[in-house]
Amino acid sequence: MYHHSEFDRAFVVDRAQRFRDQVNRRISGALTEEEFRPLRLMNGVYLQLHAYMLRIAIPYGSISPDQMRRLAHIADRWDKGYGHFTTRQNIQFNWPKLVDIPDMLDSLAEVGMHAIQTSGNTIRNVTADHFSGAAADEIADPRPYAELIRQWSTDHPEFQFLPRKFKIAVSGSPNDRAVVKSHDIGLRMIRQDGEIGFEVSVGGGLGRTPLVGKVVRDFLPVRDLLPYLEAILSAYNSVGRRDNKYKARLKIAVQELGIEHIRELVEARFAEIRPLFDGSDQEVLERISQQFAAPALQDDRSTADYDAARDADPVFRSWADTNLHEHRHPDYAIVTVSLKKHGATPGDATSEQMRVLADLAEKYGIGDLRISHEQNVVLPYVHRADLAALHAALREADLATANIGLISDIIACPGLDYCALATARSIPIAQQIAERFDELKLEHEIGEMKIKISGCINACGHHHVGHIGILGLDRAGVENYQVTLGGDGTETMAVGERAGPGFSKDEIIPAIERLVQGYLAVREDASETFLQAYRRLGPDPFKAALYPAEQKAA
Amino acid sequence: MARKFEPVVISANDLFDGRVIYLTGQNEWVSHLRQAELITDEEQAKHRMAHAMALSDRAVGVFLAPARAGENGPEPGHPREAFRANGPSNYFHGKQAEDA
Ligand code: HEM
Ligand code: SF4
């Protein structure tokens with residue numbers, strides 16, 4: 001776990017102080033809203049439907065128990081007792097008062113947290129695989145690199161006024177759990193001739209123009225990371241369009257100019273920039289890496305209790321089957337705690353639940369917690385001998401839902417219930433789908449299934465990369481939901497295809513039910529996932545399930 | 001041909017707490033949509049907007065929100081306005097809770 005340096009601390013405290021002054025000047029009338037708005041956005045403060053919203057960064061999803069407790073404290077003291085974890089490994093508070101936000105930022109600064117660069121046309125929170133450092137399939141821990149990028153990009157004078165926001169994600173495993181190809185820069189660690197480096201892709205993104213990132217460099221040695229990123233940003237700064245907000249992202253430049261052209265620009269810049277790096281970045285990386293040194297794990301405990309609990313308790317077994325992931329140490333497991341209880345708001349945790357998670361991470365998880373881009377919480381280091389006790393404690397806190405990767409583990413953006421940009425609601429659709437399939441008791445039968453819902457084309461809910469994507473639209477003042485099929489947010493990333501006309505809010509749940517029943521009817525056997533079946537058969541059988549009436553009429 | 005003007009109210013968010021507020025015919029910012037001034041004429045809307053912008057530095061993001069005449073005053077003219085007037089649907093928070 002990374003501990004902030006004195007420099008980091010002073011910086012964050014200073015930023016909070018400056019924001020306090022800015023708020024005071026706004027309230028006294030010395031600043032107009034026009035002057036103030038960019039300043040508040042620079043500090044993660046939006047104005048949404050019902051209130052302000054504060055977006056706090058959780059760099060690469062990594063959070064300590066004390067930080068988690070601090071979020072709980074903030075939720076209780078200045079908000080409504082809960083927080084919303086997002087796909088960008090941030091947490092959002094939906095109800096702060098402007099006058100309280102400086103106190104909230106001070107409180108965060110005490111535990112090394114902040115809201116800097118969670119908004120604005122700058123390099124946003126760097127995201128990474130939520131299983132980093134623990135996953136069995138990992139080539140290298142991506143967190144030291146993500147932290148290096150965070151330090152380099154925070155307040156970097158050249159990158160505060162980019163043409164548009166800029167997102168970077170890092171994955172250390174061949175299995176991509178960070179959706180790297182939907183980012184402006186996606187870094188995937190690979191090993192080549194024994195050396196570790198990155199496959200670098202650029203120009204990915206969701207939003208109104210969903211595009212899969214293209215590989216700009218097959219293999220980038222670790223020592224070239226920062227100069228190469230700087231070269232990409234510099235090239236983007238020169239070619240990124242500033243005349244049209246909708247065409248300003250790097251993805252549009254890659255699409256319009258072509259990846260070869262972008263590669264030439266980047267490599268030319270890289271040749272200029274490389275000599276300017278004197279190696280001090282590698283010293284910083286070295287220091288950071290030491291902080292992420294693998295924790296000492298216990299080799300002398302029996303895991304017999306785990307096997308016994310599995311045999312004795314079907315509830316535990318079901319949870320273990322879905323919510324555990326293979327650890328690099330055979331006696332340990334990676335635990336994903338679902339924030340998707342059937343009928344609950346995806347990604348929300350109450351302050352009480354945050355405290356329980358912090359305590360459990362200390363008791364059973366060597367004090368390490370992660371927030372996943374799928375809006376769940378991960379305990380990456382739990383000994384198998386502790387799993388039954390952990391599960392019992394999670395049950396008491398209403399946190400033991402056994403649905404990771406299943407149909408009710410839905411990503412949903414805040415939608416029209418909170419978001420000023422929304423065109424339809426997302427949360428109630430997610431709630432109803434989860435409840436419906438819980439009633440049908442089909443969830444485990446269906447197996448791996450990613451449903452993702454966004455309340456507008458900005459695609460915060462990642463609907464383009466959902467096996468089933470749902471996009472909420474406004475049709476003459478009525479909520480309407482469009483379905484996309486075959487999206488994939490992993491190393492085989494694909495953008496889903498639109499299935500046909502949208503559904504009203506009363507039609508969408510039955511439509512999803514028909515679609516899923518249609519899949520169950522056509523799959524080869526229980527091991528063929530929805531996505532595999534879709535790839536084998538193409539869209540027709542799925543469209544037929546979604547639109548049975550049209551089929552008959554034809 | 002000019003489009004028919006749909007009725008509106010003047011709305012904004014409160015600077016201090018972000019709460020949704022509406023402008024009354026007496027130039028006061030209030031919490032409840034039903035107390036707002038319903039404007040049915042385009043010229044009047046322009047005139048009242050100009051006034052509202054000048055009126056208060058506590059109102060952020062002043063805009064014309066679609067509304068309809070109802071039995072007890074204006075009602076939301078768009079789903080978004082219904083959420084702004086009542087609160088979210090997943091929790092009993094926002095205006096609906098303030099009123100309870
Ligand atoms: C309620 C407050 C929110 C606002 C106002 C907001 C605003 C936006 C906007 C304007 C975009 C489009 C950017 C573009 O043109 O590329 C966007 C994209 C995005 N947002 Fe949000 N968002 C909100 C909440 C969230 C939440 C809760 C999540 C996670 C669940 C999230 C994650 C994302 C992601 C992943 C994208 C896609 C960006 C891309 O790759 O193009 N946002 N957001
Ligand atoms: S997808 Fe649209 S509605 Fe949903 S959070 Fe993003 S901007 Fe808001």
Side-chain angles (χ1 to χ4, degrees), chain A residues 23 26-34 36-37 40 45-54 79-82 84 94-101 343-346 348 350 412 414-431 455 472 474-479 505, chain B residues 3-4 6-22 29-33 49 52-68 70 74-100:
Chain A
V23 168
R26 174 68 185 105
I27 284 169
S28 74
L31 287 177
T32 65
E33 185 61 21
E34 237 175 22
F36 178 64
R37 189 171 170 275
R40 73 162 151 76
V45 183
Y46 287 74
L47 188 52
Q48 290 296 332
L49 282 191
H50 315 289
Y52 288 96
M53 178 194 92
L54 178 62
D79 208 86
K80 294 194 186 292
Y82 75 99
H84 180 71
N94 282 323
W95 305 94
K97 294 186 168 61
L98 181 63
V99 287
D100 289 335
I101 292 176
T345 301
D348 278 7
T350 65
L416 196 48
D417 282 302
Y418 296 89
C419 181
L421 301 172
T423 45
R425 279 175 294 172
S426 306
I427 293 166
I429 304 302
Q431 290 172 314
D474 177 324
R475 289 268 173 269
V478 177
E479 288 163 286
K505 75 176 187 322
Chain B
R3 264 191 309 133
K4 187 173 167 293
E6 303 287 345
V8 289
V9 296
I10 292 176
S11 187
N13 290 80
D14 183 277
L15 169 65
F16 287 11
D17 55 17
R19 203 164 38 96
V20 174
I21 49 178
Y22 303 96
W29 292 106
V30 294
S31 281
H32 292 294
L33 172 58
M49 258 306 264
M53 302 284 269
L55 186 71
S56 168
D57 39 53
R58 268 194 78 160
V60 180
V62 181
F63 76 111
L64 295 170
R68 274 194 294 269
E75 289 173 1
H78 186 275
R80 174 183 286 106
E81 291 312 309
F83 287 103
R84 292 181 75 247
N86 298 314
S89 61
N90 64 329
Y91 298 123
F92 189 67
H93 286 164
K95 300 263 166 193
Q96 55 199 348
E98 280 170 33
D99 293 350

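Because only heavy atoms are used, hydrogens play no part in the values below, and waters and symmetry mates are left out as well, while side chains stay in. So you know, we letter chains A, B, ... as the sequences are listed, proteins then strands, and number each from 1.
Looking at A/Y52 and B/N13, their side chains never bring a donor and an acceptor atom within 3.5 Å of each other. Counted by atom type alone, A/W95 and A/Y82 present one or more donor-acceptor pairs between their side chains at under 3.5 Å.
Within 6.0 Å of atom NZ in A/K505, 12 or fewer heavy atoms from other residues, nucleotides or ligands are found, so the atom counts as exposed in its surroundings.
Looking only at heavy-atom pairs under 4.5 Å with chain B, the residue among A/A422, A/G343, A/A344, A/A424 that has the most is A/A422. Contacts with chain B were tallied for A/I101, A/V23, A/I427, A/T345; A/T345 has the most, counting heavy-atom pairs under 4.5 Å. Heavy-atom pairs under 4.5 Å with chain A were tallied for B/G94, B/P88, B/G61, B/P66; the largest tally goes to B/P88. In terms of non-hydrogen atom pairs under 4.5 Å with chain B, the most contact-rich of A/T423, A/D100, A/D348 is A/D348. Listed options A/T32, A/V99, A/L416 were ranked by heavy-atom pairs under 4.5 angstrom with chain B; first place goes to A/L416.
Between B/V8 and B/F63, the closest side-chain pair of non-hydrogen atoms is not below 4.5 Å.
At a 4.5 Å heavy-atom cutoff, the contact between A/R26 and chain B is made by backbone and side-chain atoms alike. Contacts of B/H78 with chain A are made by side-chain atoms alone, with heavy-atom separations under 4.5 Å and no backbone atom involved.
Side-chain atoms of B/R84 come within 3.5 Å of backbone N or O of B/A12 as a donor-acceptor pair.
A/R40 CZ to A/Y46 OH: the interatomic distance, rounded to the nearest 0.5 Å, is 10.0 Å.
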